[in-house]
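Computation of the quantities below employed the complete heavy-atom set of this structure, encompassing side-chain atoms and omitting hydrogens, waters and symmetry-equivalent molecules. The structure displayed is predicted, hence computed values, not measured ones. Every chain is numbered from 1, with letters handed out A, B, ... down the list of sequences.
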Amino acid sequence: MIKLTPMEKKYSPKDIEQKWQRNWEGLFVSKEDPNKKKYYCLEMFPYPSGRIHMGHVRNYVIGDVIARYKIMNGYSVIHPIGWDAFGMPAENAAIEKGIHPAKWTYENIASMKAQIKKLGLSYDWSREIATCDEDYYKWNQWLFLKMYEKGIAYKKKSFVNWCPSCETVLANEQVDDGKCWRCDSIVKQKELEQWFFKITDYAEELLSYTDKLTGWPENVLMMQRNWIGKSTGAEIDFKIAGTDEKITVFTTRQDTIFGATFMSIAAEHPMVKVLIKGKNTEKDVMKFVEKVMQEDKLTRTGEGTEKEGIFTGAYAINPFTKKEIPIWIGNFVLMEYGTGSVMAVPCHDARDFAFAKKYNLPLQLVIQNPEKTLSVDTMKDAYVDDGFLVNSGEFNNLSSLEAKEKIADELEKNGIGKRCINYRLRDWGISRQRYWGTPIPMLYCNQCGIVPVPEKDLPVRLPKDVAFTGKGGSPLLDSKDFLNVKCPKCKGDARRETDTMDTFVDSSWYFLRYTSPKYNDKPFDFEKAGYWMPVDQYIGGIEHAVLHLLYSRFFTKVVRDLGLIKIDEPFTNLLTQGMVCKETLRCPEHGWLFSEDVKDDKCRLCEKGVEKGRVEKMSKSKKNVIDPDKLIDTYGADTVRLFSLFAAPPEKDLEWSDQGVDGAWRFLNRVWSLVVKYSSEIKDAKAKIEVAKLNDNEKALYRKTHQTIKKVTEDIERDFHFNTAIAAMMELVNEILGSGEKERVKAEVLKAALETLIILLSPFAPHICDELWLLLENKGSVINIAWPQYNANAIKAEEMLIVIQINGKVRGRVNLPAGTAEEDIKKTALADTKTKEWISGKDIKKIIVVQNKLVNIVV
RNA sequence: GCGAGAGUGGCGGAAUUGGCAGACGCGCUAGACUUAGGAUCUAGUGGGCAACCGUGGGGGUUCAACUCCCCCCUCUCGCACCA
């Protein structure tokens, strides 16, 4: 322990923050304590880009207040941090600057760690992990092998989203508006052999548990539900006229089957070739198919894309009407969804309606609108709502709902179809043609085929001697040492898998590894994970609403089914913090400007007037960024923390304001000088307060102290509304300043007020609080002090301000003892001189009294 | 188009169960201290001279509406040929 001497004169964060950060070393190491309730507080771990940004700061500070608050409330708290350390930027740095990805990554980790440490966060650094450590990625490989054994990891040839710039595949959810989520290149379709995780096996559970995640924001759950995209319907077989072949369609509207007047199938559908063979349409159809398949997915499924199709020349037979219906190929039909073929019901599907109108295909009304009778000749749009059935034989007059069931029964009875559930969710493709990731532990043997690497041979290490050219696929292909191995089964020549895993694999279970970061036998210790999991509070950006959070939920369930843990869901409560935003500045000549390049609304370079742009998310390209490191150097971590927490509630966007930071700085200075001013006076004051002996001024301060405890506690408990909690502490400071000036206050009352303030403020601004705590000759860190309880009697005011309303408008105010009876309040209100003026000459119709609050006289 | 959320002073934001709209902070105004002030302290600060008017707009319920109900507008986010 370092010798601590308090500094009294000026608030100098630079000195006290370093001192306390050194003093806190080891203070936040967590241990499983069976006698305490546990609390797992987790912020999404960062990618080690090299520098932290304000988004990180906000994220970690929110988590830190929660962790510190829970510690002070007697919980056994785990609050770990680590590094999401695999990924492309490291490899790009290797290509551009010739630095090895490992060197680049570990150097970045070191510099970011130093920056993060300056914030004074309560992390248990002994649990730090980096996913690029072989101690970590070994367990990615181990989990992969277990998943392979269970058939959850499998390989298939498929069309994949290919980013030509990253030279790698992307999962569907990593494609954003047809572009790569990382580099914005247009994504192309490519056929490749890829490793997949069978997340679709868990689609139903992932969906149904969204109803149980009551601690998650509704919008995130909704995004996940949309992503999983469950739809209930039926598969129906349509015979192809004049053959023994059939085409199966998926529909959610089997009640409209009598209205199916044609069929649309995907260009990729395997039946296309069969249907057109030998027909005179063959050439034209193939031309069309090729054209459609060349189009990338973005334009093909884009909003403005015209629906196009071509008649194959073949007919299917509607199994209910027995009529022959033409089979068309539609550019809008997707092979990946359902069966790649659609029964087209133009009267009751907007898309089919447009298609039928364009190509002059027949319409058949089968659902009648009970509100307003429809007729085929006058319909301008499809009627897509439910109704009752017409032109549907034995099913006429049934409601859509009833008909869905009856027709499904009929399909199953006749063996021409079955009830069916479809999901939009696809399996998760995890292969990446990159170096800086976890090698997939598989071998290709000339004799035995695909062979998993035996568990004892893990980890499959990344080779060091690799050239990074940025060309020609994975650098691992060039490493002979890596590539060539002996088959563990037949000892013959084999070749390693060169694909590495998507980095989302790393982040799908890191929260489990934190519970036993050095464990050697398994990915994590069953007992320890059992103690700490699930994460009680997870905090991170909304951008991970689908990707990371869905994968983590999936992994948790897989790991549960492997018997490694007992819980079903990883994160009990989720807080999605808002973005950190700032005003943008633009010079007509020099483009985006940093705020320091602007003086008096003019560009420093050319003196031209600067346009103030929208408030937008901080981004380097728009130059509306604030460097947290510089800010900490100027104001200290406590000010930065306080402002980040005060400017907005955590779930909302935070607008950065330099003046706002000054405000936080001033507040801390006021706290500092207040405590310094009274420190000698209150040091030796007794702890006990005899409430009965206090004068009014003292009682008011005593009451405010306890009201503040109540307010701050409740605001933290109520969805972490730190902004109002801080406002309450500012009020207390104003009250202390006020009471001190008015008249002398007994030392013990002042002491209680100031010490309470320090304790309540300590999770928010821990350095200054520990320093002031020391100044008052207390021992150790405030983190060891129990969170205060408020005295329910103390917060009750003896006198209440009663508002007098006349016809609902405030006309006067009067002080009355708390708990004054309704009758007495009425009397007092009516006796009030101002009231008399307002009601003179009018009839009193009614008087409403709300105890301790108001009286409303209706005239 | 569908779904979710939001709209309150010059600005960020409060108002937790229908009960004083604007807490707290920023900014602004005046004053004090000062060689100086972009430091600090004190006072004031929704609009209007006033009656009064004010929570995106219009209706409604109520003694009382930022809060509840109906209609509309705007913005943000997510999804979007999903059969």
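- Partners of A:Phe646 under the ring-ring contact (aromatic ring centres under 6.0 Å, His included) rule, at least two apart in sequence or in another chain, do not exist in this structure.
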Look for any protein N or O under 3.5 Å of an N or O in nucleotides 5-7 of chain B and output each such pair with its distance, or none.
none

Below 3.5 Å between N/O atoms, which protein atoms pair up with nucleotides 17-20 of chain B? Just atom names and distances, please.
unit_1: B:C20; atom_1: O2; unit_2: A:Arg813; atom_2: NE; d: 2.8
unit_1: B:C20; atom_1: O2; unit_2: A:Arg813; atom_2: NH2; d: 2.7

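- Applying the side-chain hydrogen bond (donor to acceptor under 3.5 Å, both in side chains) test to A:Glu731 and every residue at least two apart in sequence or in another chain returns A:Lys704.
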Could I get a table of every N or O pair under 3.5 Å where one atom is in the protein and the other is in nucleotides 51-56 of chain B?
none

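- With sequence neighbours excluded, no residue satisfies ring-ring contact (aromatic ring centres under 6.0 Å, His included) with A:Phe250.
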Residues 805-816 of chain A, side-chain donor-acceptor partners within the protein, below 3.5 Å, at least two apart:
unit_1: A:Asn807; atom_1: OD1; unit_2: A:Val859; atom_2: N; d: 3.0

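- Applying the ring-ring contact (aromatic ring centres under 6.0 Å, His included) criterion to A:Trp656, with sequence neighbours excluded, gives A:Phe643.
- Comparing B:A83, B:C24, B:A14 by their closest approach to the side chain of A:Glu731 singles out B:C24.
- The side chain of A:Arg424 lies closest to B:A80 when the candidates are B:C26, B:A80, B:U16.
- Taking only distance into account, the side chain of A:Arg253 never meets the base of B:A83 through a donor-acceptor pair shorter than 3.5 Å.
- Every ring-ring contact (aromatic ring centres under 6.0 Å, His included) that A:Phe355 has, sequence neighbours left out, goes to A:Phe262, A:Trp328, A:Phe332, A:Tyr359.
- Note on A:Gly229: nothing from the nucleic acid sits closer than 4.0 angstrom, heavy atoms only.
- Within residues 574-583 of chain A, no residue has any heavy atom under 4.0 Å from RNA chain B.
- Residues passing the side-chain hydrogen bond (donor to acceptor under 3.5 Å, both in side chains) test with A:Tyr337 are A:Ser231, sequence neighbours excluded.
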Checklist entry - Using Watson-Crick and G-U wobble pairs whose two distances are both under 3.5 Å, how do you write the pairing of RNA chain B as dot-bracket, with | for links to another strand? => result (((((((..(((......[....)))((((((.......))))))((....))..(((((..]....))))))))))))....
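- Judged by distance alone with a 3.5 Å cut-off, no donor-acceptor contact links the side chain of A:Lys846 to the base of B:C63.
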